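Encoded as structure tokens, the structure appears first; notes follow it.
Sequence lines set the chain letters: A, B, ... in the order given, protein chains first and strands last, and positions in each chain run from 1. Model, not experiment: these values are computed from the prediction.
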2 protein chains.
Amino acid sequence: MIIQQLSESTEMYLKAMVELSDREMVAIGRLAERLSVTAVSTNEMMRRLGEQGLVKHTPYKGVALTKKGREVACNVLRRQRLWECFLYDHLKIEWTQLYELACSLEHATAPEVTEALAVFLGNPKTCPRGNPIPAADGSFVPLNGIPLSEAAVGATVRVLAVNATATDVIQHLFERGLLPGHKVKVVEAAPLQGPLTLCVDPPEKNGAGGKETVLGLSLAEFVIVES
Amino acid sequence: MIIQQLSESTEMYLKAMVELSDREMVAIGRLAERLSVTAVSTNEMMRRLGEQGLVKHTPYKGVALTKKGREVACNVLRRQRLWECFLYDHLKIEWTQLYELACSLEHATAPEVTEALAVFLGNPKTCPRGNPIPAADGSFVPLNGIPLSEAAVGATVRVLAVNATATDVIQHLFERGLLPGHKVKVVEAAPLQGPLTLCVDPPEKNGAGGKETVLGLSLAEFVIVES
DNA sequence: AATTAACATAAGGTTGCCCTTATTATTGCC
DNA sequence: GGCAATAATAAGGGCAACCTTATGTTAATT
Ligand SMILES: [Mn+2]
Ligand SMILES: [Mn+2]
Ligand SMILES: [Mn+2]
Ligand SMILES: [Mn+2]
């Protein structure tokens, strides 16, 4: 099987699919929204990727990655998360910028570089945003957590990962202390899909005495906490 | 002055110009050849870059970088050579692959990353291929050397840099020991633009007892030696 | 069963960057 | 001064990714 170079666009569509829902079907609309592209463009692209055997599109149901597509997608994830480690640990880049900066590098990284980088970093298992780094063969253990938006009111949970991709969203979460390792107590959930009221604390503390903050439910979806 | 993101193509044209002849005019044909693109395409591109104020095209004379264009070009060079240092010194990537691998990364590197990388590397002045690394403001001291193809017969000179960009050419030169620091004695130059006969030695030696090799003149142009 | 939101598809466009082929212009050289 | 190489320009295309606007189609909801 000859693996030709895939375009940045192609890689981003595949990565978005695996990020949105590993192994399940993804609605074209969700994909389009995530990539800031119209649904028509996404449809076109899914046709092209279908022809290349990277995705399977079931009209009116959604798209799913094929085995080959998932391999590519996981490899993109690997590259992006390895770069996040490097940027954070060695270049001291701000946490909020990691996703965006690594998202450029990921498409310009040859396999030799990816693997040498992994060795250089000591084969890390997790990126600074808390997500697992797929192995060279694409395998990885998915996080065993739930979105903060689904945590029980009154519970105190630890943040495992932050899944947002837009830098302004990441910034917003960061400013409220919502980073991996921090403890969060869900003080209150406003009715009718209203915002959450939270107490957020650094790791040592317990999410009770910390600063209180209000977080929209759609943003809380990006924060993965232990279940 | 708002600096919008320039395309990879644009950056490569500008970089090729500064590599071919800093501050002098470059013939469209030479540029086209270097980039493996037709002269017509190069002409088109020069029109576009002209409209953006990055180059000045004087028909039948050649193209030259504007001040703005040269700034961009030097910044691309900086990124590429910093990456070469990282790939070589920290990732232990093979010397022959450095140019190609760094040439991808250079276009995906934001200013924050470039500067943090420079700090991480200790602000190196030279890349593993021997070329100077422009400072953040674009300034750099050009190498004070001549192409090996212009060295006097009988002379023993030290290699300062290797300027080739095609990996197979770099490989060819590498196999013959033509790397920065090595000593070369020009044993003979065949007449009528014929090949050079060389003795190449590692740094300690003196380019006399080393292995003898024959090198085409067009390849010898890529090897910069002290003048 | 009808309605509606989401989705699919068709059609027509744009932009960037590449190509070929043909024609014209310039320049350096014999 | 004429010739050949080089360069420029014109014209016509291709392809990947995007877009809008319109028109069907499906499926979930009432
Ligand atoms: Mn990306
Ligand atoms: Mn490049
Ligand atoms: Mn069309
Ligand atoms: Mn045209």
Side-chain angles (χ1 to χ4, degrees), chain A residues 3-17 20-21 24-64 69 72-73 76 103-104 106-108 193 218, chain B residues 3-17 20-21 24-65 69 72-73 76 103-104 106-108 192-193 218:
Chain A
I3 303 172
Q4 85 271 315
Q5 245 293 67
L6 299 171
S7 69
E8 168 160 352
S9 226
T10 295
E11 291 194 336
M12 286 305 285
Y13 276 93
L14 298 176
K15 188 178 84 165
M17 286 178 70
L20 278 177
S21 90
E24 280 162 54
M25 275 204 175
V26 181
I28 297 263
R30 277 232 297 164
L31 197 48
E33 200 200 336
R34 172 117 179 169
L35 294 166
S36 302
V37 139
T38 64
V40 177
S41 297
T42 304
N43 243 284
E44 275 177 3
M45 190 56 148
M46 289 306 112
R47 187 184 42 69
R48 279 192 293 265
L49 297 189
E51 285 163 3
Q52 292 175 77
L54 295 165
V55 307
K56 176 80 194 303
H57 182 194
T58 311
Y60 298 103
K61 297 289 179 181
V63 276
V72 174
V76 180
C103 188
S104 295
E106 66 192 357
H107 313 289
Q193 316 291 341
S218 59
Chain B
I3 302 171
Q4 86 274 312
Q5 247 292 69
L6 298 170
S7 70
E8 169 160 351
S9 226
T10 295
E11 289 194 337
M12 286 304 287
Y13 275 94
L14 297 177
K15 188 178 84 164
M17 285 178 70
L20 279 176
S21 90
E24 279 162 54
M25 275 203 173
V26 181
I28 296 264
R30 277 232 297 163
L31 197 48
E33 200 200 336
R34 172 118 181 169
L35 295 167
S36 301
V37 137
T38 64
V40 178
S41 297
T42 305
N43 244 285
E44 275 177 3
M45 191 54 150
M46 289 305 113
R47 187 185 40 70
R48 280 192 292 265
L49 297 188
E51 283 163 4
Q52 292 175 76
L54 295 166
V55 307
K56 175 79 193 304
H57 182 194
T58 311
Y60 298 102
K61 296 293 178 177
V63 276
L65 291 165
V72 174
V76 180
C103 189
S104 295
E106 67 192 357
H107 313 288
L192 301 171
Q193 316 291 342
S218 59

Distance in angstrom units between Leu14(A) CG and dA17(D) P, rounded | 11 Å

Check: Leu35(B) and Met45(B) side chains under 4.5 Å, non-hydrogen atoms | no

Has Gln52(A) got more than 12 heavy atoms of other residues, nucleotides or ligands less than 6.0 Å from its CD?
-> yes

For atom CD1 of Ile28(A) and atom P of dT26(D), their distance in whole Å | 16 Å

Would you call Glu11(A)-Lys15(A) a salt bridge at under 4.0 Å N-O?
-> no

At under 4.0 Å between heavy atoms, what does Val40(B) touch on the DNA or RNA strands: base, sugar-phosphate, or nothing?
-> base

What residues 52-61 of chain A contributes to the DNA chain C interface at heavy-atom separation below 4.0 Å is His57(A), Pro59(A), Tyr60(A)

Rounded to whole angstrom units, what separation is found between the CZ atom of Arg47(A) and the C1' atom of dA11(C)?
-> 13 Å

Rounded to whole Å, the CG-C1' distance (Leu6(A) to dC15(D)) equals 16 Å

Classify the side chain of Glu44(B) versus the base of dC19(C) as yes if they form a donor-acceptor pair under 3.5 Å and no if they do not.
-> yes

Under 4.0 Å between a side-chain N/O of Arg48(A) and OP1 or OP2 of dA17(D), yes or no?
-> yes

State whether the number of non-hydrogen atoms from other residues, nucleotides or ligands found under 6.0 Å of Glu51(A) atom CD is greater than 12.
-> yes

Taking only side-chain nitrogens and oxygens of Thr38(A), does any of them come within less than 4.0 Å of OP1 or OP2 of dC18(D)?
-> no

Grab the CG-C1' distance between Asn43(A) and dC18(D) for me, whole Å please.
-> 14 Å

Selected nucleotide, minimal atom distance to Tyr13(A) side chain, candidates dC17(C), dC18(D), dC18(C) | dC18(D)

Please confirm whether the backbone N or O of Lys61(A) pairs with a side-chain atom of Thr58(A), one donor and one acceptor, at under 3.5 Å?
-> no

Figure out the CE/C1' separation between Met25(B) and dT6(D), and round it to whole Å.
-> 16 Å

Please state whether the phosphate of dA17(D), meaning OP1 or OP2, lies under 4.0 angstrom from any side-chain nitrogen or oxygen of Ser7(A).
-> yes

Closest non-hydrogen atoms of Arg34(B) and Ala16(B), given as atom of the first, atom of the second and distance, are CG-CB, 4.2 Å

How would you label the contact of Thr10(A) with the nucleic acid (heavy atoms, under 4.0 Å): base, sugar-phosphate, or nothing?
-> sugar-phosphate

What nucleotide among dA7(D), dC18(D), dC18(C) has an atom nearest to a side-chain atom of Ala27(B)?
-> dA7(D)

Rounded to the Å, how far apart are Leu35(B) CG and dC19(C) P?
-> 10 Å

For Ser41(A), which contact category applies under a 4.0 Å heavy-atom criterion: base, sugar-phosphate, or nothing?
-> base

Would you kindly give the CE-to-P distance between Met46(B) and dG16(C), to the nearest whole Å?
-> 15 Å

